[in-house]
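Notes to accompany the following structure.
All heavy atoms count here, side chains included; hydrogens, waters and symmetry mates do not. Ligands are counted one by one from 1 in listed order, and the atoms in each one are counted from 1 as well.
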Amino acid sequence: MAEDSADSNGKLTQDGLKLTRRSLLGAVPLTTAGLSLASLAGGSRAAFAQEQLEKPKVRAEGHKEPPLENFKYDLDGSSGFSGEGGTAKEVTVAEFPVSTSVAAVSMVLKPGAIRELHWHAIAAEWAYVVEGNVRTTVLGPNGEAAEDDFGPGDIWYFPKGHPHALQGLGPGNAHFILVFDDGHFSEFGTFSITDWFAHTRPELLARNSGLTAQTLAALPKGEVYITPGRVPPRLEPFRDGDPIPSQGAHKFKLLDRQPLVWPGGDERIVDSRDFPMSKTIVGSIMNLKPGSLRELHWHPNADEWQYYISGRARVGIFGAHGRSRVEEFGPGQVAFIKQGFGHYIEQIGDEPTRILITFPAAEYQEISLSSWLANNPSELIEDNLGISAEEVAQMPKSKMAIYGPRG
Ligand code: MN
Ligand code: MN
């Protein structure tokens, strides 16, 4: 953890400014409020700031907010499941207490390997394929079954309780990130077919499955989770040359979407407006050029969960009441930012940075600092910050999203 001095300074100023605003709203003469017109006009900013800091604070003495929780977890650096068919590393509230609304798994399947038939009782599953190819099967309660193939940049979404299986298609390993819309999902919520069979009376299971007692006796004695399997034949390509059948109800090819392009990078976002099945997870891929800055912003409606695919960045969060925290992130690491917390992403290093960003919500929402300040009168900002009209005019007049490298 590092102290974000800029944010801390900002906070100190802000406390004083709340008083300024109250004073102005209360029609208290400026001189009574201890302000000079010269300082408001930017004549003596240091004096202005000092005057504000010396005023008594509104908040009662002794009131203390708890420090901000850790918001970084090294997912791919953790130990997890490792078997003949692949590996799985998991993060839930057990490992990462701040992440109450999101759990995740970084999974690798070898060609043919199967993540066995299962469902999640308390969470929907959203996934992004980082590399390789995966096939899924899923059944919905209306009887609709789907079989889809996924390649790099594709996402899937399985609603809570819909049973599914995953299989590596090769060539090479498939690596994908599974995101669940509940931080507790693992401990209470994964139901596997082998686990159920192993814990059901054999005579009863024989009647329900059509299998003989002899066959049942040879079944796995507990949950298989990930097991080697045969590589299935590929689905036949369509005439349009797309090697993978087009988007389905559970599938969205995120990287095929036109990105929003900004001076410092680009982003592709998909939510339930374009991917109706995905009612509880918004997903995006952000590419940051070296030296760029994803500007100060927050999300009014959702927590934010990030997974660093490549490159590095420094993330700063602001949790009100003078609390801020900064961490550095690299490949395989996860950040969690609480709903409404201010934050930024500062690209670092010579390599571009690619981040998978998800939100447990139906729709994407954000408020950016530049947009907020552009949508206020100059005079209000001048008096709020104690700066001149000329200085306010230097600020952007629209949303910046991602600033380019400093020129
Ligand atoms: Mn699953
Ligand atoms: Mn954000």
Side-chain angles (χ1 to χ4, degrees), residues 71 81 86 88 90 92 102-107 109 114-129 134-139 150 155-167 176-182 185-186 189-193 195 223-226 250 260 262 265 267 269 271 281-286 288 293-308 313-319 329 334-347 353 355-361 364-371 399-402:
F71 72 105
F81 170 92
E90 175 179 279
T92 71
V102 177
V105 174
S106 178
M107 187 174 286
L109 292 180
I114 296 165
R115 165 70 181 97
E116 72 165 316
L117 293 163
H118 68 283
W119 76 95
H120 307 286
I122 66 163
E125 171 175 323
W126 182 101
Y128 177 86
V129 180
V134 189
R135 176 166 299 168
T136 70
T137 67
V138 60
L139 177 65
F150 298 81
I155 62 184
W156 68 72
Y157 183 90
F158 301 141
K160 190 185 295 185
H162 292 208
H164 53 278
L166 318 174
Q167 186 165 32
F176 45 93
I177 305 300
L178 302 163
V179 176
F180 300 89
D181 60 0
D182 188 315
F185 100 104
S186 178
T190 293
F191 294 70
S192 297
I193 191 165
D195 190 15
E223 186 184 16
V224 158
Y225 191 50
I226 293 174
H250 301 87
L260 299 165
W262 307 97
E267 55 181 333
I269 304 173
D271 65 19
I281 305 263
V282 176
S284 80
I285 287 288
M286 182 176 289
L288 296 175
L293 171 67
R294 170 72 177 103
E295 73 159 313
L296 302 183
H297 69 282
W298 69 96
H299 307 282
N301 65 330
D303 297 330
E304 173 170 340
W305 187 94
Q306 306 177 340
Y307 173 86
Y308 285 78
R314 186 179 293 128
V315 177
I317 62 172
F318 168 60
F329 295 86
V334 166
F336 185 91
I337 300 155
K338 284 185 172 181
Q339 178 173 333
F341 273 35
H343 57 284
Y344 61 83
I345 308 172
E346 188 182 11
Q347 201 284 340
T353 300
I355 315 166
L356 171 64
I357 303 178
T358 71
F359 306 86
Y364 181 72
Q365 291 184 0
E366 73 166 65
I367 304 285
S368 284
L369 179 71
S370 57
S371 175
K399 175 180 161 179
M400 291 305 293
I402 307 172

Considering non-hydrogen atoms only, spot the tightest contact between Trp262 and Met400 and give its length. CE3-O, 3.6 Å
What is the name of the N/O/S atom in Glu304 that sits closest to the Mn ion (ligand 2)? OE1
Give me the atom names and distance for the closest heavy-atom approach of Arg294 to Ala401. NH1-O, 3.1 Å
Please name the atom of Glu125, limited to N, O or S, that comes nearest to the Mn ion (ligand 1). OE1
For the aromatic rings, using the six-membered ring if either is Trp, is the centroid distance between Tyr364 and His299 under 6.0 Å? yes
Given atoms NE2 of His343 and NE2 of His297, what angle do they subtend at the Mn ion (ligand 2), to the nearest 10 degrees? 80°
Give the name of the N/O/S atom in His120 that lies closest to the Mn ion (ligand 1). NE2
Minimum heavy-atom separation for Ala361 and Ala302, please, with both atom names. CB-CB, 3.7 Å
